[in-house]
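The next block holds one structure in the form of structure tokens; read it before the comments.
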Number of protein chains: 2
Amino acid sequence: MGSNHARRIGAIQEPICVAMMGTIMLVVTLNMVRVDRRRREPLQLQLYGQVRRAIISGELASGARLPSARDLVEQLGLSRNTIVYAFERLVAEGYLQSRIGSGMFVAHLPALERPRTGSGSNANVASSDRVHIARRVAPLTEVSVNPEYPTLKVRPFRPCQPAVAEFPLRSWNRARSYALRLQAKELMCEGDVAGLPRLRAALATYLRDARGVKCGAEQIVITAGAQEALSLISASLVETGDAVWMEDPGYLGARASFLRAGAKLTPVSVDAEGLTVPRLRQTPRLIYVTPSRQFPLGTTMSLPRRLALLEFARTNGVWLVEDDYDSEFRYVGRPVPSLQGLDEGGRVIYVGSFSKVLFGSLRLGYVVAPPSLVGAIRKVKEVEYGTSPGIEQATAALFIEEGYFAAHVRRMRKLYRERRDSFLQAAQKYLSGLLTFPPIDAGMDALGWLARDADDAELSRRLAEAGIDVPPLSAYSLKPCPPGLLFGFTAFTPGQIRSALQAISDFVQ
Amino acid sequence: MGSNHARRIGAIQEPICVAMMGTIMLVVTLNMVRVDRRRREPLQLQLYGQVRRAIISGELASGARLPSARDLVEQLGLSRNTIVYAFERLVAEGYLQSRIGSGMFVAHLPALERPRTGSGSNANVASSDRVHIARRVAPLTEVSVNPEYPTLKVRPFRPCQPAVAEFPLRSWNRARSYALRLQAKELMCEGDVAGLPRLRAALATYLRDARGVKCGAEQIVITAGAQEALSLISASLVETGDAVWMEDPGYLGARASFLRAGAKLTPVSVDAEGLTVPRLRQTPRLIYVTPSRQFPLGTTMSLPRRLALLEFARTNGVWLVEDDYDSEFRYVGRPVPSLQGLDEGGRVIYVGSFSKVLFGSLRLGYVVAPPSLVGAIRKVKEVEYGTSPGIEQATAALFIEEGYFAAHVRRMRKLYRERRDSFLQAAQKYLSGLLTFPPIDAGMDALGWLARDADDAELSRRLAEAGIDVPPLSAYSLKPCPPGLLFGFTAFTPGQIRSALQAISDFVQ
């Protein structure tokens, strides 16, 4: 304490001792203050800030008396107003105390006077042994929502990327302006936590028509994209230690959400008919599936498999999460209706997103919950996430209602079919020895199989260095799986596709 | 099984038995199909849908043979193309099987043939004893992010509502258009999970200047509003059973988030200097405070109390969550700098939101994390919430950079000061016997104290029925507290303020 006190006094420049009311008082000179007229910051703020910092750091000891305003005018070369403003603020905030008739004093602030551990402020920034982070977070350092791409830029062939350059941004902006003309004030206030009723109604109609989903608007909860939707479901249904079955290979974002909720993940194989319903002793709390188009393998779940899965869920009280992430884009035949539409037992929770159909940064998705779950999911949404943006919800509603949405899906389906053709042609030309591509009947990406003994992670890493993002199948797999690379083809022009595939070919040779 | 099977056969209208390959085969007539030419749905889709439903419901038994296409053309009065289209789709989806030379059969789908429990599909919708919702959700039925308002409409005097009618929507839209002109494609793809770098840089500058927050852009994580920010912090730091201290009365949204994370809440009293630092045996994991302006009491935490709290946090390794929800609006003197700016120990997590300064449905907020926590918070954001909307982030960044933000805050500060004056004048006139209002130096709402023996919850409920939303202080309190009503005055014109206060006066008398 003693040496600390001495250090502090030493730091005060030219202290003058005066006798007052029988005690020794320090009068400080504020020589440490250096205002700079060239800075944009007003002089009064500079003075305020420097005196404040001097008090916090201990340079100005508590109880020290400040010179009179008149003395300071002379000493600092500042106007009286500047000084009065700064000191009034310091008094208002409790750094200085004004005693009538005796002047201005540095306030007595006991917490500042205790000795600090460590020698400087840097040492006090919580050292790592002090940082206690929730245990649930620790496993997350190992998981990722996406494979690790070296850059945020969308380079060929980053999967699941819509062709944003082709998005009808003018129509979207027109819908937005129209929504604001209709009801700007209402849309700017926080709305229903489950989402704008108008968007939910438009979605319910669309999902019934296009996806065979059986639902009313009241079963829909709008989310900030599929990631929030999956977390919302996990938070509502999964207890720490609960078994969750997941397609393997499968979507990383779902895996990450379930792990965060404390689930024990069981990888379940996928064959040509989709997820195999395993005959395990333990029944899971929840099964995650992508029946329309398995991510990332691209298979569609067969009808017998769908029915068997629903029957299993119904009999065992298991929840099914159907992630219908890119079902709009089917190039051969009609889109296969949703699993949810077949469910008679109220066990399917349907998840969708606008990220693939509109654009990724819109951050609008949705959950269609069985009636028995709507209450719980709404509550978790309210507490954990809050409402979703109002103006964007209204824009999306009008975009659907006015037919722009359906028109855009049709246009993209055609464009993506052409890009698929370009991709397969160029792949045939440049990669025929290296990768094998099965037919692509649907979806936004193509899985290329490598020779059995290839190391897909290593190849992917090297290609990323060469500017090409093709995540390895092993990144999506919990169990060992044959090597493959995933190619998104929808966001790239035929020219980009060809030159990137040629670059791969050159790189590998 | 037997009776069930009989029922199913009975449902098939006019079955015709034919002998084929030595077995008895049913040929069904599809008399249950009723297509309607007046409906917008194409005939082929109507036919497809009705046959599909008949198979799922069991009306069409598995193995049954369908009439030939030629017979059906005649029987249903539909074109051959319509029939071929519908049946091809049913084959593609696995409902029908086509055997070359012998026609079309209903597929064998074992899961559909098992007896169902219950008598109809309604009985199968998971009954309540089947619905297992995560235990963490149960306590949430008791908590709420907001007091229960009878309507979503912003009626006088709903607290914490900005004057959306005064929002410079045209400048906002101009900033949005400009952001899109600069980089539409980049902004439409999913960006950095911690938020747009440009917005984080603009915010860091603003927070340093206006709030005395010491931070770099890399410490900021953009969230979908304060609710997500609070949940993100809880999820990163709070374990089930951890003690969390909260100002009492305090913000309901924070309480709800901590409870969802499994915290044990300890209410801590607030006096004229703000949160009292209690001398309890147990140290909490986290303390939640609103030092700039305590919600809902409106007191500002004194400097000695701030320093004592920081010292307590530093010594005991406690995290402090500083929720700086409406600090921009101070009518007397300058805004008091943040607690975070005083923190030398890296223990303060600063939370802010654009909901009050811009508009509520924007859903943009932020966390300024100590460097030691940034990694964990980013990870939870990625896994649990996903990125925040891109175009809105870019718009907000430009809005700040171009000075619109500061200008709007200045304009609103002036407008809200006028509305405060109108409010206090009218309250003096109409409510002087009923409620006592202390001076309002800052913030967006006024706390009116009732007589000691009044029941604030009951009065609030009755006023809500009369069209006036003034939540009771007891709604925000864990421990018993004196009765009071909370009045937001910022979203209402002087005329609305006067007539609503007069209505209260009339109602009470």
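Residue numbers start from 1 in every chain, and the chains themselves are labelled A, B, ... in the order their sequence lines are given, proteins ahead of strands. Just so it is clear, the values below take in all heavy atoms, side chains as well, and ignore hydrogens, waters and symmetry mates.
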query = Just by modelled atom types, is the A:V383 backbone N or O under 3.5 Å from a matching donor or acceptor in the B:Q227 side chain?
reply = yes

Side-chain (A:E382) to main-chain (B:S144) donor-acceptor, under 3.5 angstrom = no

ask   = Can any side-chain N or O of A:K153 pair as donor or acceptor with the backbone N or O of B:E186 at less than 3.5 Å?
value = no

inquiry  = Taking the side chain as everything from C-beta on, heavy atoms only, tell me whether B:C189 gets closer than 4.5 Å to A:R158.
reply    = no

request  = Rounded to the nearest 0.5 Å, what's the gap from OH on A:Y95 to CG on B:L307? Could you check?
outcome  = 6.5 Å

Greatest number of heavy atom pairs closer than 4.5 Å to chain A - which of B:I391, B:L373, B:N173, B:V154 = B:N173

task = Name the option with the most non-hydrogen atom pairs under 4.5 Å to chain A; the candidates are B:G253, B:G341, B:A235.
result = B:A235

ask   = Between B:L364 and chain A, which part of the residue has a heavy atom less than 4.5 Å away: side chain, backbone, both or neither?
value = neither

Side chain / backbone / both / neither for B:R176 at chain A, heavy atoms under 4.5 Å = side chain

remark   = To the nearest 0.5 Å, atom CZ of A:R52 lies from atom CG of B:L303 at 8.5 Å

inquiry  = At a 4.5 Å cut-off on heavy atoms, which part of A:S257 comes close to chain B: side chain, backbone, both, or neither?
reply    = both

task = Name the region of A:L252, side chain, backbone, both or neither, that has any atom closer than 4.5 Å to a heavy atom of chain B.
result = neither

CD1 on A:I133 to OG on B:S372, rounded to 0.5 Å = 7.0 Å

inquiry  = Is B:P162 in contact with chain A via its backbone, its side chain, both, or neither, using a 4.5 Å heavy-atom distance?
reply    = neither

message = Measuring from atom CD of A:E384 to atom OG of B:S234, what distance do you get when rounded to the nearest 0.5 angstrom?
response = 7.5 Å

Euclidean distance, B:M188 CE relative to A:F167 CZ, rounded to 0.5 Å = 5.0 Å

remark   = Nearest heavy-atom approach of B:A134 to A:V238 is CB-O, 3.8 Å

ask   = Using non-hydrogen atoms only, which part of B:F258 is less than 4.5 Å away from chain A: side chain, backbone, both, or neither?
value = neither

task = Please flag which part of B:L259 lies under 4.5 Å from any non-hydrogen atom of chain A: side chain, backbone, both or neither.
result = neither

request  = In sequence, state the C-alpha distance, the side-chain angles, and the governing distance for A:T387 and B:R363, and then conclude on side chain to side chain donor-acceptor pair (under 3.5 Å).
outcome  = CA-CA 8 Å; A:T387 49; B:R363 312 314 298 142; 3.3 Å; yes

key: Side chain, backbone, both or neither of B:R89 within contact of chain A (heavy atoms, under 4.5 Å)   = side chain

request  = Go through the atoms of B:R285 and report whether side chain, backbone, both or neither lie under 4.5 Å from a heavy atom of chain A.
outcome  = side chain

note = When the 4.5 angstrom heavy-atom criterion is applied to B:E392 and chain A, the contacting part is side chain

inquiry  = I need the minimum non-hydrogen distance between A:A165 and B:K185, along with the two atoms involved.
reply    = CB-CD, 3.8 Å

inquiry  = Report which part of B:L362 has an atom under 4.5 Å of a heavy atom belonging to chain A: side chain, backbone, both, or neither.
reply    = backbone

key: Largest heavy-atom contact set with chain A, pairs under 4.5 Å, which of B:G390, B:G386, B:S236   = B:S236

ask   = chain B heavy atoms under 4.5 Å from A:D192: which part of the residue, side chain, backbone, both or neither?
value = both

key: Interchain contact, A:V145 with chain B, by part (heavy-atom threshold 4.5 Å)   = both

inquiry  = Using every non-hydrogen atom in the two residues, find where A:V336 and B:E93 come nearest and quote the distance to one decimal.
reply    = CA-OE2, 4.1 Å

message = So for A:L310, is it side chain, backbone, both, or neither that comes closer than 4.5 Å to the heavy atoms of chain B?
response = neither

message = Strictly distance-based, threshold 3.5 Å: is any side-chain N or O of A:S361 a donor or acceptor partner for the main-chain N or O of B:P389?
response = no

query = Which residue out of A:E41, A:R53, A:E88, A:R260 racks up the most heavy-atom pairs below 4.5 Å with chain B?
reply = A:R260

ask   = Relative to chain B, which of A:G94, A:A491, A:S231 shows the most heavy atom pairs under 4.5 Å?
value = A:S231

remark   = dist A:F359:CZ -> B:E190:CD (nearest 0.5 Å) comes out at 11.5 Å

